[in-house]
Trainee: 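The structure follows.
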Amino acid sequence: MADIEVAFAGLGRKVQFWLTLDPLQRPDDFLLWHFDHGLCFEPEILWVLLHTLQEGDAAIDVGANIGFFTLIMSQLVGSTGSVIACEPGDNNIPTLKHHLDRNQARNVWIEGRPIWCRQEPITFYLNTDDRSSNAVF
């Protein structure tokens, strides 16, 4: 396990937080590769978040996974804003909670159910080989 500090800046704004990543987990190793090469994972999403979220806004992270974008959103909306982290994967929720606690993200609420376009029973699939690939089909 590696405790790493992540920081990004742009548009006169900065986000900084801690992640605990396990290089033996494929999605964590993927994030670590990006950070080791001075890159941001999905930089286009970071660009949109920096350009759109303001102090006091409400944001929703659908498929929050371990909270990478949730933590960015949390800092951008600030203490007067709120974030709903939608993550139904039991294989992600403990790490998501750890990251929220570690970063004192008190403006985030976890919704542990899948988001779907209709109110009906659905099946949510956990990928035991890669927790970044849980899905609704």
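In what follows, every heavy atom counts, from backbone to side chain, and hydrogens, waters and symmetry copies are set aside.
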Trainee: Give the cluster check for Val108 versus Ile84: same hydrophobic cluster or not, with ILVMFWY residues linked at side-chain heavy-atom distances below 4.5 Å.
Mentor: no
Trainee: Listed by chain and number, what are the side chain to side chain donor-acceptor pair (under 3.5 Å) partners of Thr123, not counting sequence neighbours?
Mentor: none
Trainee: Starting at CG of Leu49, measure out to CE of Met73 and round the result to the nearest 0.5 Å.
Mentor: 5.0 Å
Trainee: Could you tell me how the ring of Phe68 sits relative to the ring of Phe17: parallel (under 30°), tilted (30 to 60°) or perpendicular (over 60°)?
Mentor: perpendicular
Trainee: Restricting to side chain to side chain donor-acceptor pair (under 3.5 Å), what partner residues turn up for Asn92, sequence neighbours left out?
Mentor: Glu87, Arg131
Trainee: What about Met1 and Trp18, same hydrophobic cluster or not, with Ile/Leu/Val/Met/Phe/Trp/Tyr joined at side-chain heavy-atom distances under 4.5 Å?
Mentor: no
Trainee: Checking Trp47 now: which residues fulfil ring-ring contact (aromatic ring centres under 6.0 Å, His included) with it, not counting sequence neighbours?
Mentor: His51
Trainee: Give a yes or no on whether Leu31 and Ile93 share a hydrophobic cluster (residues Ile, Leu, Val, Met, Phe, Trp, Tyr; joining criterion: side-chain heavy atoms under 4.5 Å apart).
Mentor: no
Trainee: Applying salt bridge (Lys or Arg N to Asp or Glu O under 4.0 Å), name anything that partners Arg106, two or more places apart in sequence or on another chain.
Mentor: none
Trainee: Show which side-chain atoms of residues 34-43 pair as donor or acceptor with protein atoms under 3.5 Å away, not counting sequence neighbours.
Mentor:
unit_1: His34; atom_1: ND1; unit_2: Phe30; atom_2: O; d: 2.9
unit_1: His37; atom_1: ND1; unit_2: Trp33; atom_2: O; d: 2.7
unit_1: His37; atom_1: ND1; unit_2: Trp33; atom_2: NE1; d: 3.4

Trainee: Please name all residues satisfying side-chain contact (heavy atoms from CB on, under 4.5 Å) with Gln119, sequence neighbours left out, ordered by chain then number.
Mentor: none
Trainee: Could you give all pairs that pass the salt bridge (Lys or Arg N to Asp or Glu O under 4.0 Å) test and reach residues 48-62, with sequence neighbours left out?
Mentor: none
Trainee: For Pro114, check side-chain contact (heavy atoms from CB on, under 4.5 Å) against everything at least two apart and list the hits.
Mentor: Pro88, Ile122, Phe124, Val136
Trainee: Run the numbers on Leu71 and His99 for side-chain contact (heavy atoms from CB on, under 4.5 Å), then give the verdict.
Mentor: CA-CA 8 Å; Leu71 291 168; His99 288 150; 4.0 Å; yes
Trainee: Glu120: which residues meet the salt bridge (Lys or Arg N to Asp or Glu O under 4.0 Å) condition with it, sequence neighbours left out?
Mentor: Arg118
Trainee: For Asp130, what residues pass the side-chain contact (heavy atoms from CB on, under 4.5 Å) criterion, not counting sequence neighbours?
Mentor: Arg26, Pro27, Asn127, Ser132, Ser133
Trainee: Apply salt bridge (Lys or Arg N to Asp or Glu O under 4.0 Å) to Arg102 and list each qualifying residue two or more places apart in sequence or on a separate chain.
Mentor: Asp3
Trainee: State which residues pass side-chain contact (heavy atoms from CB on, under 4.5 Å) with Val48; sequence neighbours excluded, sorted by chain then number.
Mentor: Thr52
Trainee: Between Thr95 and Asp28, is there a side-chain heavy-atom distance shorter than 4.5 Å?
Mentor: no
